[in-house]
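Data first, discussion second: the structure below is written as structure tokens.
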Amino acid sequence: MIPGNFEYYAPASIPDALGLLKKYGDEAKVLAGGHSLLPMMKMRFAQPAHLIDLGKIAELKSIREEGGTIRIGAMTSENDLIWSTLLQTKCPLLIEGARLISDPQVRYRGTIGGDICHGDPGNDHPALMLALGASFVLRSAASERVVAADGFFVGTYATLMQPDEIMTEIRIPVPAAGTGYCYSKLKRKVGDFATAAAAVTLRMQGDTVAQVAIALTNVGPTPLKARAAEDSLRSKPLTDAAIAAAANLAMSICEPAVDQRGDAEYKTAMAGEMTQRALRAARSRIGR
Ligand SMILES: Cc1cc2nc3c(=O)[nH]c(=O)nc-3n(C[C@H](O)[C@H](O)[C@H](O)COP(=O)(O)OP(=O)(O)OC[C@H]3O[C@@H](n4cnc5c(N)ncnc54)[C@H](O)[C@@H]3O)c2cc1C
């Protein structure tokens, strides 16, 4: 299938891109890796008259640490995340998640910003962002704001972003040294989206849980923060019984869409299973 006609722009700076967005408003869309947008255009679900390619803006492709925060340019590709020595040392959860996204072709072009902005509950970065307590820098020609990942995803393909905004940066507080982590993802085959997945970060103080975050992929209209499950674990020993009880609480918030990956009952059960696996793996990695 061939997309409808559009004008193509490749600005070299963020202000130039924002100027174009302001000028063309609702008729414009920004293009990142194109792995989600171009199929949408081919199917006529998106028909932008003006396509603003962010690919030439070098400023949007970087990974650095500043004042205890990891700052990732929105146009950083999955592959660049995977090979980042900073992330290998400071935020291996992000690498584990990125490695499970599709296949090398998608990972070479697909970007972290595109994965988040698309608002697809099947995408993996949104739950990773919730588990890592990330925030996003959104810029328009007139202003800049920083919004928390928690609350950013408001529905299927819907986020807090306004049409005149570009996500420029993803900010992640550097997890404390030795934080346990895991992204446990069930997929039918290599390259598939998650049937269900769970992202976990975990810290212990002695024998009890000091910090835990649990977020789920593709079992609701948005990524889900499993708050009751988290609450049930805090300040208590992380026994297998506690893990099973937390998984049940995580399952209780699931509302998966029914598709070729399974019915709601199966996907919900798999969300529970992924939660248990992620918690156990995170526990085993603490201090490593
Ligand atoms: C076969 C296949 C399998 C896949 N499997 C997975 C998977 O398992 N897990 C997963 O997470 N993803 C998967 N994807 C999706 C892939 O990761 C996409 O790359 C991602 O969803 C979108 O990123 P992109 O850079 O390609 O963005 P694009 O497709 O270019 O853009 C997506 C949307 O985000 C907007 N956008 C992009 N960047 C910005 C920005 N900086 N500011 C504002 N708006 C922006 C665009 O306007 C568009 O609406 C798969 C894709 C394919 C083709």
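What's counted below: heavy atoms across the whole structure, side chains too, no hydrogens, waters or symmetry copies. Residues take their numbers from the sequence shown, with the count starting at 1. For ligands, and for the atoms within them, numbers begin at 1 and follow the listed sequence.
For residues 198-225, the set of pairs meeting the salt bridge (Lys or Arg N to Asp or Glu O under 4.0 Å) definition, not counting sequence neighbours, comprises Lys225-Glu230.
Contacts of Pro92 classified as side chain to side chain contact (heavy atoms under 4.5 Å, CB included), with partners at least two apart in sequence or in another chain: Tyr181.
A salt bridge links Arg283 with Asp240; the closest basic N to acidic carboxylate O contact falls under 4.0 Å. The pair Arg285-Glu96 counts as a salt bridge, with a side-chain nitrogen and a carboxylate oxygen less than 4.0 angstrom apart. For the pair Glu165 and Lys22, the salt-bridge criterion is not met [side-chain N within less than 4.0 Å of a carboxylate O].
When heavy-atom distances to ligand 1 are checked against 4.0 Å, the residues falling inside are Lys29, Val30, Leu31, Ala32, Gly33, Gly34, His35, Ser36, Leu37, Leu54, Ala74, Ile101, Ser102, Val106, Gly110, Thr111, Gly114, Asp115, Cys117, His118, Asn123, Asp124, Met161, Ile166, Met167, Lys185, Gly191, Asp192, Phe193, ordered by chain and number.
Hydrophobic cluster of Phe193: no remaining members, since no ILVMFWY side chain lies below 4.5 Å from it.
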